Asks: 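Handing you a structure now.
All of these numbers come straight from a predicted model, not from anything done at the bench. Throughout, protein chains are lettered first and strands after them, A, B, ... in sequence-line order, and every chain is numbered starting at 1.
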Amino acid sequence: MVDRSRTLRITTHVLLVLGVLVIGFPIYYAFVAATLPLELATRVPMPLVPGDHLMDNVEQAWRRGDLGLQLFNSIVMALGITAGKIAISIISAFAIVYFRFPGRMLAFWIIFVTLMLPVEVRIVPTYEMAVNVFTPVNRLLEVLSVPVAIDPLGYTISMRLQWNILDSYFGLTLPLIASATATFLFRQFFLTIPDQLAEAAKIDGAGPLRFFWDVLLPMSRTNIAALAVILFVYGWNQYLWPLLITTDREMMTAVIGITRLMPSPDDAPEWNVAMAGALIVLIPPVIVVVLLQRWFVKGLVEEEK
Amino acid sequence: MAEVRLDRVRKSFGSFEAVKGVDVTIGDSEFLVVVGPSGCGKSTLLRLIAGLEELSGGDITISGRLVNDVEPKDRDIAMVFQNYALYPHMTVFDNMAYGLKIRRLPKAEIRERVGRAAAILQIESLLERQPRQLSGGQRQRVAMGRAIVRNPSVFLFDEPLSNLDAKLRVEMRVEIRKLHNTLKTTSVYVTHDQVEAMTLADRIVIMNGGIAEQIGTPLDLYERPSSAFVAGFIGSPPMNLVEGEIGQGAKSVVLAGGTELSLNSPLPQGWGGRSVTVGIRPERLRLDDSKADLAISLGVELIERHGADTVIHGVLPNRERGEVIVRLNETPTIAQTDRLNVKARTADIHLFDAETGKRLELEKAA
Ligand SMILES: Nc1ncnc2c1ncn2[C@@H]1O[C@H](COP(=O)(O)OP(=O)(O)O)[C@@H](O)[C@H]1O
Ligand SMILES: [Mg+2]
């Protein structure tokens, strides 16, 4: 018995170490590349020990990639997506669990079905919407051919509404903040809260909003923190959508910015600078994970009783 | 002042009728216990009084005010739940103060009221703790504290002791009654435990399938159960109920299995041959009784010696399932295999119609 559990332990440890190596090695390799001067970084095979050019490369990457502005944009976008997703999903879950209204289950299933429609799938219509938020309204007006006013001379004046959100923080975040997953998580959590708690609050004189604010929200703290970590990383890593809707350099995000540090065939193959840029962009999500990981684990492992 | 009046109160969930027309008036400072088996509609009735369920019919009046359409918070009631329903992220103090804060009472008054309630319930040392740091009994005290600080006209309790262990339950039961003697707040208390009902209540409503079977003082229910259901629910061990028939000539009752009990006062002539359920309390069967006029012979199946009393499970002759329980407050020397001759008085015999279960009045008949 002892022997068997020992082999088991050794095997699991070996597997874990291998896993860490497989995941960790590319990151280490990127780090090494970021510390080397150009000659060493392009030699084949590349050395495995760090060099002393880290600060040079970082500075180059920062300047050439305009990373300061882009990191700022990324942070705004990731925070916007995180806050927006949590706010919308917790309110939707609250409505679905605590209110009885016609079409409640339908609403829930519609939200649930959107799980199958990530940005990549709905990117064309979403882009069309970003060009003009009122597209559906305009279409509807066209179909119904609603004349807004008829001129006495017989001209029909039709109306088109126009609101373009390309190249704006709004455009970067808004189309991404609906979240079926988060709504579902909050719903499941609310369902575990005994009905009597809501009834006690009702008798205490708390209206629905007060109950939400004073009781549900504080009780959801760990869940919110856990979700915030996942959603921040999700928001930070967005690539396709920002690529599509930002053309203005001022609005570009860091994940897109580092692709512009990648050497093109005609340039010197400055992989050391590209890797330094990648490392910089890696830092904010790492900070968020490290800061919130205690909550993250708590939120996933134990539901507050 | 705070009188609660229920008038033909009904509640349906879809096509299922959970409460089928209950009439009862709970007097000022009265402690009314609603008791009955699980699913009989007790909680629903309480929740109707609280305003947590909408009436399907009838009227509810609190302190003379019709409250059918009044929100729970405006009914001047407080409720204690079985699972305590404390706010898990708030301290004990905040749990108790929450309702007062919403009512925008001045801070000083909130502190004073919570302090006073905590003193009554002896939880002053717990005020800064969170519910999860408390034992079940302490949580229940906090839940009661939350009700007390509001100083409502009516307390509503829904099985508040069911989640506690047996010993604590007995202690808290005594405390709740003492608390009532001090505060004298009109109370409605729901339980499925007839011992709790008998010890706490000024009056009891015993419910069965959404109907109030009987309303009366604990002794009323014990001495004159209005139906076989009530007779079998109240008392521990509960009343013995045996099928039987009124003898030809209406001068005796014949128990299933053939034992004939001749009554010293005859029943109405028309009753001869009628099927009945015969009831007698285990503690009204005795080994020796100079005033007894009835005798029953039993086979002994099991003897439980509790110390203070002895409970004998006996069986009528010629019957597999005509069990009769005898409770003696002595410790007789009998062996398992003995036959036992027990005595009873005609006055202690209860008769119920076999079909409707309704009580047949012996005295009136006589
Ligand atoms: N919200 C509800 N919807 C449907 N049926 C209910 C609801 N609440 C209670 N019932 C039914 O009404 C009956 C009485 O319930 P309840 O009052 O809780 O019984 P108890 O006497 O055990 O407290 C039960 O059969 C229960 O299933
Ligand atoms: Mg109940």
Side-chain angles (χ1 to χ4, degrees), chain A residues 86 90-91 93-94 97-102 104-105 185-228 292 294-305, chain B residues 43 46-54 70-91 94-105 110 130-134 136 139 142-147 149-150 152 154-160 162-163:
Chain A
I86 288 175
I90 199 168
I91 293 169
F94 176 54
V97 174
Y98 285 95
F99 292 85
R100 235 153 249 124
F101 53 90
R104 187 171 65 112
M105 280 324 278
L185 281 176
F186 281 122
R187 171 183 179 264
Q188 293 309 96
F189 173 62
F190 290 166
L191 288 177
T192 66
I193 297 175
D195 293 344
Q196 281 80 1
L197 208 60
E199 290 174 350
K202 218 185 220 174
I203 292 177
D204 266 341
L209 284 181
R210 188 114 204 203
F211 171 68
F212 177 74
W213 196 255
D214 287 350
V215 181
L216 276 188
L217 211 53
M219 281 180 74
S220 310
R221 270 179 317 203
T222 45
N223 296 59
I224 291 176
L227 264 177
L292 289 182
R294 197 170 62 89
W295 289 92
F296 180 64
V297 174
K298 212 169 148 194
L300 290 186
V301 175
E302 55 155 89
E303 293 296 48
E304 216 169 328
K305 296 270 148 49
Chain B
S43 297
L46 196 73
R47 294 162 56 79
L48 285 167
I49 301 175
L52 295 171
E53 302 280 0
E54 227 170 287
V70 175
E71 288 287 311
K73 68 180 164 75
D74 300 322
R75 291 194 180 195
D76 201 15
I77 48 119
M79 188 157 169
V80 179
F81 297 89
Q82 175 176 354
N83 62 4
Y84 323 126
L86 300 177
Y87 308 118
H89 58 290
M90 294 187 196
T91 62
D94 288 334
N95 261 283
M96 289 166 68
Y98 187 57
L100 305 180
K101 278 182 191 158
I102 291 179
R103 270 149 232 259
R104 297 178 190 284
L105 262 65
I110 293 180
Q130 300 230 320
R132 79 179 106 87
Q133 299 165 303
L134 304 179
R139 285 181 205 190
V142 176
M144 284 175 24
R146 183 169 64 181
V149 289
R150 295 256 313 278
V154 185
F155 283 139
L156 304 173
F157 299 89
D158 193 356
E159 311 222 11
S162 295
N163 283 5

Asks: Between R150(B) and D204(A), does any side-chain N to carboxylate O distance fall below 4.0 Å?
Replies: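 Looking at D204(A) together with R150(B), the answer is yes, because their closest N to O distance falls below 4.0 Å.
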
Asks: What part of D195(A) gets closer than 4.5 Å to chain B, counting heavy atoms only: side chain, backbone, both or neither?
Replies: neither

Asks: Could you tell me which portion of A147(B) (side chain, backbone, both or neither) has an atom closer than 4.5 angstrom to a non-hydrogen atom of chain A?
Replies: neither

Asks: At their closest point, which heavy atom of I203(A) faces which heavy atom of A78(B), and how far apart are they?
Replies: CG2-CA, 4.3 Å

Asks: Can you name the nearest heavy-atom pair linking K202(A) to L52(B), along with the distance?
Replies: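 Looks like CD-CD2, 4.0 Å.
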
Asks: So, the side chain of H89(B) versus the backbone of L217(A): is there a donor-acceptor pair under 3.5 Å, distance only?
Replies: no

Asks: Which heavy atom in A200(A) sits nearest to a heavy atom in A85(B), and how many Å separate them?
Replies: CB-O, 4.0 Å

Asks: Taking the side chain as C-beta and beyond, is there a heavy-atom pair between P88(B) and I193(A) under 4.5 Å?
Replies: no

Asks: Hey, mind stepping through M79(B) and E199(A) against side chain to side chain contact (heavy atoms under 4.5 Å, CB included) and telling me if it holds?
Replies: CA-CA 9 Å; M79(B) 188 157 169; E199(A) 290 174 350; 5.7 Å; no

Asks: Under 4.5 Å heavy-atom distance to chain A, tell me which part of F81(B) shows up: side chain, backbone, both or neither.
Replies: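 Side chain of F81(B) only, per the 4.5 Å heavy-atom cut-off to chain A.
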
Asks: Identify the two heavy atoms, one from A206(A) and one from Y98(B), that lie closest to each other, and give their separation to 0.1 Å.
Replies: CB-OH, 3.7 Å

Asks: Checking A198(A) against chain B: side chain, backbone, both or neither under 4.5 Å from a heavy atom?
Replies: neither

Asks: At a 4.5 Å cut-off on heavy atoms, which part of L86(B) comes close to chain A: side chain, backbone, both, or neither?
Replies: backbone

Asks: Using non-hydrogen atoms only, which part of R75(B) is less than 4.5 Å away from chain A: side chain, backbone, both, or neither?
Replies: neither

Asks: Do you know which two heavy atoms are closest between P194(A) and N83(B), and how far apart they sit?
Replies: CB-ND2, 3.7 Å

